[in-house]
Amino acid sequence: MKIKPLLAVGVLLASHPLLAKDHKVEIEFDVDQSGPLIHKDIYGQFAEHLGRGIYEGVWVGEDSDIPNTRGFRNDVLNALRDIKVPLVRWPGGCFADEYHWREGIGPRNERPVKVNTHWGGVEEPNTFGTHEFFEFVELLGADAYVNGNLGSGSVRDMAEWMEYMTGEKGSTLAEERRKNGREEPFEIAYFGVGNEAWGCGGNMRPEYYSDLYRQYSTFLKAPKGNMPKLVASGGHSEDTSWTDVLSKNIEQKIDGISYHYYTLPNSDWDNKGRAIKFSEDDWFNTMTRTYKIDDYIRANLAKLEENDPEGDIKFYVDEWGTWYDPEPERDPGFLYQQNTLRDAVVAAVNFNIFHEHAERVTMTNIAQMVNVLQAMILTDKEKMVLTPTYHAYGMYKVFQNATSIPFDIDSPEYQKGDESVPAVTASVARGEDGKLYLALVNMDPENAAGIELDIDGVKAKRAVGQMLTADAMDARNTFDKPDVLHPVAFSADLDELEIPAKSVVVVELQ
Ligand code: AHR
């Protein structure tokens with residue numbers, strides 16, 4: 001393998017210990033076979049009114065000293081454009097079921113100030129509302145996923161919000177939107193009918209929620225060609241009852257069922273685990289907890305196969321990511337956490353799993369975009385840091401709308417005691433640009449892996465692309481040292497392909 005070192009991290013890597021024979025991974029595929037499309041929306045993001053996710057992170061206002069475009073931070077906009085964010089979900093989360101859309105339209109200085117009771121009890125100025133959200137996604141070149149309020153809003157509120165956003169002519173609500181500065185209807189790709197109805201969205205049972213879904217969705221109407229995909233709020237973690245009941249009870253106007261899964265290293269909400277300065281056991285637990293989503297998705301998809309064998313109802317993982325203990329000196333309600341190489345590996349493991357289930361898993365949103373949980377970007381006043389997770393998204397963007405290629409993989413296990421995960425997982429796909437891409441992630445923090453490829457249908461000789469890794473498991477970018485970790489160029493002959501321990505590699509096979 002020839003690693004072309006770029007900056008500091010690349011130099012460290014060139015001296016990485018070579019692998020032992022038993023760390024060999026075999027991958028076999030035929031490039032003439034194709035699997036499902038890897039929908040670009042698998043790379044969606046979640047932006048909630050939570051902590052500094054929206055205010056400070058995205059929106060600083062037109063009068064800010066921080067360079068901005070009509071109130072949106074330029075640095076954040078540019079960074080998000082670079083990773084081709086395809087979709088943004090807003091306004092929550094738990095916040096969505098407390099959000100009343102009328103409070104976020106009209107002159108900004110006349111909007112009511114509320115208390116964000118769910119997240120930190122801080123003032124919610126409502127200066128970022130419907131128009132600002134659509135302006136933001138349009139500046140990004142992304143699609144919009146709006147989450148409606150079923151928990152504390154009425155059927156009428158939800159129906160009128162839809163009409164306000166999408167109405168064309170002859171309606172007072174569409175005129176009101178025009179008066180507020182937007183002539184053309186907004187385009188909504190997805191609309192969520194409530195969020196986490198089993199918890200913060202109303203503490204319901206799936207039977208009751210599915211009746212409410214049927215009722216609310218009946219009144220969600222939009223002009224032809226601008227009707228969003230409707231998302232029923234589903235279950236989480238190992239639970240399959242929501243997918244089961246919803247897919248049995250809801251017969252009309254449903255495009256997908258949502259599902260949430262967070263990686264907590266300790267599986268304990270009172271002691272989740274640290275974001276930095278963690279042990280190898282913590283790393284291992286993070287990997288095993290992350291990998292569990294594969295089983296959970298399979299179990300949910302099995303329910304969908306039973307109840308919807310035609311495959312009409314998609315499975316949207318519209319919240320996922322790592323969730324660690326809050327930093328001691330910060331407001332625990334803000335869910336701000338650092339982000340390390342471990343998070344990039346977690347992201348890549350999830351991408352590979354989503355690709356494998358791309359037939360039904362056509363949309364996911366990492367939680368969250370800026371300054372909250374497993375963020376792409378951290379900000380501190382005028383400073384911005386791109387996280388390792390951001391870089392994983394950048395490396396994997398070639399998989400957006402790629403056609404997956406089925407493959408067999410035989411990997412050694414990364415094991416401790418009775419528990420294990422495959423050390424290496426992968427994705428193979430034909431990109432929209434016609435090129436053949438391979439992604440590899442090595443969860444083992446100690447051992448490099450040799451990759452043996454058996455490819456039918458094409459004579460590829462070299463792997464050329466990018467790699468993300470570091471010596472320390474918790475390597476990270478900080479406001480003082482913002483560029484410790486970034487992808488470096490990677491190239492290797494295929495008969496000598498090796499990837500380092502704890503690494504993410506995305507290459508074109510040439
Ligand atoms: O992402 C943070 C919160 O996690 C969301 O508001 C909620 O839907 C989930 O419980």
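We count ligands from 1, going down the list as the structure has it; atoms in each ligand are counted the same way. We number each residue from 1, following the sequence as shown.
Polar contact check, E196 against ligand 1: a nitrogen or oxygen pair lies under 3.5 Å apart. Remark: ligand 1 and G93 share no N or O pair separated by less than 3.5 Å (distance only, no angle test).
Aromatic rings from W101 and F133 are positioned such that their centres are separated by 6.0 Å or more.
Annotation: cation-pi pair R182/F134 absent, no NZ/CZ under 6.0 Å from the ring centroid and within 45° of its normal.
Under the 30°/60° scheme for interplanar angles, the aromatic rings of F351 and H355 are found to lie parallel. Aromatic ring pairs are classed by plane angle as parallel below 30°, tilted from 30° to 60° and perpendicular above 60°; the pair H49 and Y55 is perpendicular. Using cut-offs of 30° and 60° for the angle between ring planes, the F399 and Y396 rings count as tilted.
Taking a cutoff of 4.0 Å between a charged side-chain nitrogen and a carboxylate oxygen, K114 and E98 do not qualify as a salt bridge. Using a 4.0 Å cut-off between a side-chain N of Lys or Arg and a carboxylate O of Asp or Glu, K292 and E238 do not qualify as a salt bridge. A salt bridge is defined here as a Lys NZ or Arg NE, NH1 or NH2 lying under 4.0 Å from an Asp or Glu carboxylate O, and E251 with R214 meets this definition.
Nearest non-hydrogen protein atom to atom 3 (C) of ligand 1 is W119 CZ2, 3.6 Å.
Contact analysis puts Y262 in contact with ligand 1, with a non-hydrogen atom separation below 4.0 angstrom.
Atoms of ligand 1 found under 4.0 Å from any heavy atom of L373 (numbered from 1 in listed order, with element): 1 (O), 2 (C). Counting atoms of ligand 1 from 1 in the listed order, those under 4.0 Å from a heavy atom of C94 are 5 (C), 6 (O), 7 (C), 8 (O). When each atom of ligand 1 is checked for a heavy atom of F46 under 4.0 Å away, the hits are 1 (O). Proximity to N195 (heavy-atom distance under 4.0 Å) selects the following atoms of ligand 1: 8 (O). Using a 4.0 Å cut-off to heavy atoms of Q368, the atoms of ligand 1 that qualify are 1 (O), 2 (C).
By the criterion of a heavy-atom distance under 4.0 Å, neither the backbone nor the side chain of W320 is placed next to ligand 1.
When R89, E319, H118 are checked for heavy-atom proximity to atom 5 (C) of ligand 1, E319 turns out nearest.
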